[in-house]
Amino acid sequence: MVEVNVASVTIDRHTGVPVVFLREKEGDAKRILIILIGDSEAFAIYNHLADVPEKRPMTHSLIKNVMDVLSAEVKAICVNAMEEDTFYAYIKLELHGQEFDVDSRPSDAIALAIRCNAPIYVAEEVIQEHGYVEVEPEQPQERDAKDVLENLDDDTLKQYTV
């Protein structure tokens with residue numbers, strides 16, 4: 001299992017569909033998993049991450065409140081499979097010393113995990129097959145104008161007329 005953070009929630013500019021970006025926490029080359037999600041789940045994840053207060057408990061906050069009353073705890077969530085272009089996840093719950101794996105859509109599991117401060121995991125084979133390696137954009141090297149002019153070669157100079 002690979003532990004990830006919610007890197008961002010945004011709208012895909014090509015499709016208009018909300019997406020959540022999960023970024024690997026450890027490792028030199030961070031991998032990212034992109035999951036298409038629904039509007040309400042995107043709203044729930046984004047608003048919680050942005051500390052937008054709820055006037056009344058929304059679905060994921062309600063589930064957390066019920067779990068608190070029952071002394072249940074979200075131990076972790078895991079995006080564990082992808083089949084036919086659909087990601088699958090489960091929520092690992094603990095209740096009175098017993099653990100349960102509850103099937104869930106990844107978006108709902110993520111929305112609950114961030115409210116419960118529970119770790120988020122992705123199965124290694126899922127991130128390996130469906131993730132992307134995050135690439136840092138190259139920073140342009142700064143050169144002063146004198147250095148550039150002094151080191152122009154003849155072929156470059158021939159391109160310009162004075």
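Nothing fancy with the numbering, it's 1 onward along the sequence.
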Please tabulate, for side-chain N and O atoms in residues 32-52, each donor-acceptor pair with protein atoms closer than 3.5 Å (sequence neighbours left out).
from, atom 1, to, atom 2, distance (Å)
Glu41, OE1, Gly38, N, 3.4
Glu41, OE2, Arg105, NH2, 2.5
His48, NE2, Ile114, O, 3.2

Next item on the list: Report the C-alpha distance between Arg23 and Glu134 in whole Å, list the side-chain angles of each, state the deciding distance to 0.1 Å, and finish with yes or no for salt bridge (charged side-chain N to carboxylate O under 4.0 Å, His left out).
Entry: CA-CA 8 Å; Arg23 179 183 291 126; Glu134 185 174 34; 2.9 Å; yes

Tabulate below the donor-acceptor pairs under 3.5 Å that side-chain atoms of residues 67-86 make, not counting sequence neighbours, or state none.
from, atom 1, to, atom 2, distance (Å)
Asp68, OD2, Lys64, NZ, 2.7
Asn80, OD1, Ala89, N, 3.4

Next item on the list: Examine Val102 and Ile63 and state if one hydrophobic cluster contains both, with Ile, Leu, Val, Met, Phe, Trp and Tyr joined whenever side-chain heavy atoms are less than 4.5 Å apart.
Entry: yes

Check: Salt-bridged, Glu3 to Lys25, with N to O below 4.0 Å?
Finding: yes

Notebook entry, point to check: When rounded to the nearest 0.5 angstrom, what is the spacing between NE2 in His60 and CD1 in Ile110?
Noted result: 10.0 Å

Checklist line | More than 12 heavy atoms from other groups under 6.0 Å of CD on Glu99 | finding: yes

Next item on the list: Indicate yes or no: at least one non-hydrogen side-chain atom of Phe100 is less than 4.5 angstrom from one of Leu95.
Entry: yes

Notebook entry, point to check: Quick one: are Glu124 and Arg31 in side-chain contact, heavy atoms under 4.5 Å?
Noted result: yes

Notebook entry, point to check: Does any N or O in the side chain of Ser104 come within less than 3.5 Å of the main-chain N or O of Pro106, such that one atom is a donor and the other an acceptor?
Noted result: no

Next item on the list: Test side chain to side chain contact (heavy atoms under 4.5 Å, CB included) on Leu22 and Asn5 and set out the steps.
Entry: CA-CA 5 Å; Leu22 302 177; Asn5 287 327; over 6 Å; no

Note to self: Tell me the closest heavy-atom pair linking Lys92 and Asp101, and the distance in Å.
What the structure shows: NZ-OD1, 2.8 Å

Note to self: Could you check whether any side-chain heavy atom of Ile91 comes within less than 4.5 Å of a side-chain heavy atom of Leu112, counting everything from C-beta outward?
What the structure shows: yes

